[in-house]
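The block underneath contains the structure these notes are about, expressed in structure tokens.
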Number of protein chains: 2
Amino acid sequence: MKVLKGDCMNLDDRKKKILSSVVEDYISSAEPVGSKTLVDKYHLEYSSATIRNEMKLLEEEGFLEQPHISAGRIPSTKGYRYYVDNLMKEQKLSMVDISYIDNSITGFGDTEKLLEQAADVISKILLRPTVLTLKQQDLLENIKIVKVSDKLLLIIILSQNGTVKDCFAKLTDVVQDQIIDELTEVLNQSLVGTPLENLSLVLNNVIAKELNNFSFVLDKICESIKYEMEKDCKKLNANVETILDLPEFSDAEKAKNFVNMISTKEIIDDTIEKAISNDLGIIIGSESKEVMLKDCSIISLDIQKNKKHIGKISVISPKRLDYSKTISTLKYINSKFKNLLLNDKEEGG
Amino acid sequence: MKVLKGDCMNLDDRKKKILSSVVEDYISSAEPVGSKTLVDKYHLEYSSATIRNEMKLLEEEGFLEQPHISAGRIPSTKGYRYYVDNLMKEQKLSMVDISYIDNSITGFGDTEKLLEQAADVISKILLRPTVLTLKQQDLLENIKIVKVSDKLLLIIILSQNGTVKDCFAKLTDVVQDQIIDELTEVLNQSLVGTPLENLSLVLNNVIAKELNNFSFVLDKICESIKYEMEKDCKKLNANVETILDLPEFSDAEKAKNFVNMISTKEIIDDTIEKAISNDLGIIIGSESKEVMLKDCSIISLDIQKNKKHIGKISVISPKRLDYSKTISTLKYINSKFKNLLLNDKEEGG
DNA sequence: GTTAGCACTCATAACATGAAAGTGCTAAAA
DNA sequence: TTTTAGCACTTTCATGTTATGAGTGCTAAC
């Protein structure tokens with residue numbers, strides 16, 4: 001981004017009013033905004049000629065762009081940024097949205113389900129796809145083994161972040177209840193506090209060292225856990241199809257490119273990683289180094305539990321999006337999570 | 001569908017060859033197939049004029065259609081049906097596909113996860129969206145309650161079909177291990193064999209009748225289970241975005257309509273319900289009464305466990321799809337499930 | 001400093017044109 | 001009788017042309 005002469009970030013009231021109107025009109029209409037539109041729709045008390053002059057200056061200073069010489073103006077990345085930082089009024093969520101969120105995010109599931117629900121809800125309210133990035137550094141809280149039938153065990157892995165994973169182990173021989181109880185105890189003694197991604201490694205050591213006599217059960221359990229842990233649970237795209245409603249993607253080819261792009265781990269992961277500052281991160285267009293994102297914005301919410309961050313929910317959209325509503329929605333979700341996740345372990349420390 | 005004169009379903013060899021070539025060429029090219037193309041590409045030993053005559057007859061008998069007078073032919077619903085029933089050669093899956101399936105469907109998760117994996121894998125191999133319909137009539141196998149911390153319980157609900165659901169109950173007071181054990185026993189005694197959808201109803205009765213003294217715990221558990229059971233777990237669209245690659249949806253508006261359509265429960269549910277006969281159901285275009293599906297085909301696989309059917313995986317596509325590969329893939333998946341699901345309870349009876 | 005007025009630019013839509021693809025039909029060939 | 005070569009015909013698609021309209025920048029007057 002180029003830095004312009006010092007005064008450029010200090011717009012006078014009229015310029016602010018015009019910039020703000022252009023941004024808001026373009027956000028809702030997706031059409032370049034002309035001087036006449038501004039006078040008619042936004043009742044600015046200047047003539048269209050004056051506004052044209054001002055818009056020309058705003059363009060020279062980099063806040064607005066013109067798709068072609070005889071078109072109206074659209075906000076540039078810098079324009080959006082100025083709007084978000086200085087002009088935008090925080091929006092109250094409608095009762096409809098609030099009640100939809102409240103009814104959808106209930107807190108009965110585990111943390112991962114909760115985050116998935118939230119990603120889905122956000123996507124439905126904002127009509128944009130969301131990406132859920134789970135923090136993988138999570139420690140084992142507890143392992144339970146449930147005997148479903150003589151040869152089938154259900155293994156439940158509870159993490160300190162509150163995620164529950166379960167998988168089956170199919171045995172070749174019948175196993176007695178007592179063995180399972182013992183095994184559970186030994187496993188918990190050896191494994192509690194282990195990072196989940198090391199679980200199968202440490203398990204191997206445990207088997208080798210002290211649990212040789214249980215190996216016919218343990219091998220199967222180990223195999224199951226290993227598989228479950230290696231599964232790629234880092235990302236999830238919710239409601240990609242929402243983009244089909246946007247005029248930006250009236251061409252299916254563009255829609256396809258967008259979908260491919262947001263499915264490319266590296267692009268999104270890298271960008272989101274850098275996005276966060278103080279719960280909420282906003283990256284607009286070319287502020288991201290990634291060229292493929294130059295026309296997109298990413299608004300990311302960092303979700304914390306016990307002061308450790310456990311995941312991020314990111315809204316991915318063309319630059320043209322309702323920043324105000326997006327931010328309000330994410331903030332509301334965040335406040336909800338603060339309540340939902342805190343209560344889990346008040347007593348735990 | 002109109003029924004034509006008796007002999008029409010008995011095509012001579014040349015007509016079969018031509019029909020088959022038209023279908024296969026159109027499936028792979030998505031362009032109307034002309035007589036010259038057939039001669040050049042498929043080395044039919046007749047001149048283009050002969051083939052034109054035959055195609056005209058095939059059209060009169062309803063097997064082919066012509067988008068406009070100077071275009072090539074495309075298969076009609078009846079043409080596809082004849083192809084599927086009489087002409088199509090069963091395709092062997094490629095090693096790549098087989099190994100992808102084998103590596104993706106492992107059997108470590110519960111039945112629901114397994115079905116989700118399968119729906120996803122099928123969608124990725126066939127490049128079409130899939131819909132998973134879970135049979136909701138499922139009986140309780142077992143409930144386990146795990147104490148996560150003094151005031152937080154994890155409830156694990158195991159169904160006879162092999163699905164695991166878990167949810168948390170947050171208590172207002174500390175609860176002792178012994179109470180949980182007792183409670184678990186009582187709950188299992190009262191609830192095993194209950195249809196999952198009645199669970200909260202029966203739970204209410206249990207509370208009312210005999211478990212008044214546990215109510216401070218049980219109320220919370222009940223609330224959690226109720227929520228978990230009422231959640232709509234009937235359907236899931238995997239990889240809707242795959243349709244963006246199809247020329248049928250080069251117009252984003254059409255893509256949007258398709259996505260909306262397959263998100264409409266009633267349309268899909270009703271159609272799929274009727275689709276199955278003997279594991280595999282194939283509904284082509286206007287064979288479905290639903291007008292919105294007139295250009296789509298649905299290939300449905302019925303998945304069984306212990307001779308009860310537990311869910312369906314359905315491929316939804318424009319009529320133009322590789323029926324042979326689709327059917328081979330679904331059959332292979334089915335054979336895999338036969339193994340995976342049988343072993344679960346060999347001993348259960 | 002503001003605004004009316006006007007010439008100018010460019011996108012878009014409507015229409016015309018020509019080439020390409022593919023047909024159906026006829027008459028000759030097998 | 002069946003097959004095929006040849007040709008007139010139809011329609012789509014891409015291209016080119018033109019007219020319209022939205023919106024601008026600039027100038028001169030207020």
Side-chain angles (χ1 to χ4, degrees), chain A residues 7 11-19 21-23 25-26 28-76 79 247-248 250-251 253-254, chain B residues 11-19 21-23 25-26 28-76 79 247-248 250-251 253:
Chain A
D7 62 332
L11 301 178
D12 63 39
D13 277 358
R14 192 166 68 188
K15 283 212 181 64
K16 282 182 188 171
K17 219 164 184 173
I18 291 173
L19 177 55
S21 302
V22 171
V23 172
D25 194 76
Y26 184 65
S28 69
S29 76
E31 297 289 335
V33 187
S35 53
K36 206 168 168 307
T37 310
L38 289 179
V39 177
D40 295 351
K41 256 198 191 163
Y42 295 87
H43 311 295
L44 301 188
E45 55 265 31
Y46 324 98
S47 75
S48 65
T50 307
I51 292 177
R52 275 203 293 283
N53 290 333
E54 291 287 53
M55 290 209 291
K56 193 165 188 231
L57 292 174
L58 281 168
E59 188 181 353
E60 280 165 12
E61 292 174 31
F63 294 99
L64 294 179
E65 286 170 355
Q66 212 170 7
H68 56 84
I69 198 167
S70 74
R73 300 304 205 292
I74 62 175
S76 67
E248 277 85 348
S250 64
D251 179 5
E253 185 69 20
K254 281 182 197 153
Chain B
L11 301 177
D12 64 40
D13 277 359
R14 192 165 69 188
K15 282 210 181 66
K16 282 182 188 171
K17 220 164 183 173
I18 291 173
L19 177 55
S21 302
V22 171
V23 171
D25 194 77
Y26 184 65
S28 68
S29 75
E31 296 290 337
V33 187
S35 53
K36 207 168 166 310
T37 311
L38 288 179
V39 176
D40 294 353
K41 255 198 189 163
Y42 294 86
H43 312 294
L44 302 189
E45 56 265 30
Y46 322 100
S47 74
S48 66
T50 307
I51 291 177
R52 276 202 293 284
N53 289 333
E54 292 286 52
M55 290 209 289
K56 191 160 190 240
L57 292 174
L58 282 167
E59 188 182 354
E60 281 166 11
E61 291 173 31
F63 295 99
L64 295 178
E65 287 169 356
Q66 212 169 6
H68 57 85
I69 197 166
S70 76
R73 300 306 205 293
I74 62 175
S76 66
E248 278 85 349
S250 63
D251 179 5
E253 184 69 21

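Just so it is clear: chains get the letters A, B, ... in the order the sequence lines come, proteins before strands, and each one is counted from 1.
For Asp12(B) and dT1(D), the CG to C1' distance is 15 Å, given to the nearest whole Å. Atom pair Leu57(B):CG and dT2(D):P shows a separation of 12 Å (rounding to whole Å applied). With rounding to whole Å, Ile51(A) atom CD1 is found 11 Å from dT2(C) atom P. The distance between atom CD1 of Ile69(B) and atom P of dC25(C), rounded to the nearest whole Å, is 9 Å. Atom C1' of nucleotide dT24(D) and atom NZ of Lys36(A) are separated by 14 Å, given to the nearest angstrom. Here the P atom of nucleotide dT23(C) and the CD1 atom of Ile18(B) are 11 Å apart, to the nearest Å. Residue Gln66(B) contributes atom CD, which lies 10 Å from atom C1' of dT11(D) at whole-angstrom precision. The CG atom of Leu38(B) sits 12 Å away from the C1' atom of dG22(C) (whole-angstrom rounding).
Taking side-chain N and O atoms only, Arg73(B) has a distance below 4.0 Å to OP1 or OP2 of dG24(C). Note on Ser35(A): a side-chain N or O is less than 4.0 Å away from OP1 or OP2 of dT24(D).
Counting only heavy atoms from C-beta on, Ser47(A) has its side chain closest to dA4(C) among dA4(C), dT12(D), dA11(C). With dT9(C), dT10(D), dT3(D) as the candidates, the nucleotide lying closest to the side chain of Ser70(A) is dT9(C). Checking dT11(D), dA4(C), dA11(C) against the side-chain heavy atoms of Ala49(A) singles out dA4(C) as nearest. With dT23(C), dC10(C), dT3(C) as the candidates, the nucleotide lying closest to the side chain of Asn53(A) is dT3(C). Proximity note for Thr37(A) (side chain, C-beta onward) versus dG23(D), dT4(D), dT3(C): the nearest is dG23(D). Picking from dT2(C), dC25(C), dT24(D) the nucleotide with the shortest atom distance to the side chain of Arg52(B) gives dC25(C). Each of dC26(D), dT12(D), dT2(C) was ranked by its minimum atom distance to the side chain of Arg14(A); first place goes to dT2(C).
A distance of 11.0 Å separates CG in Leu19(B) from CE in Met55(B), rounded to the nearest 0.5 Å. From Leu11(A), atom CG reaches atom CG of Leu58(A) across 6.0 Å, with rounding to the nearest 0.5 Å.
Ion pairing of Asp40(A) with Lys36(A) is present here, as a side-chain N (NZ or NE/NH1/NH2) and a carboxylate O approach within less than 4.0 Å.
In this structure the side chain of Glu65(B) never reaches within 4.5 angstrom of the side chain of Arg73(B), judged on heavy atoms.
Counting non-hydrogen atoms of neighbouring residues, nucleotides and ligands closer than 6.0 angstrom, the NZ atom of Lys15(A) exceeds 12 such neighbours.
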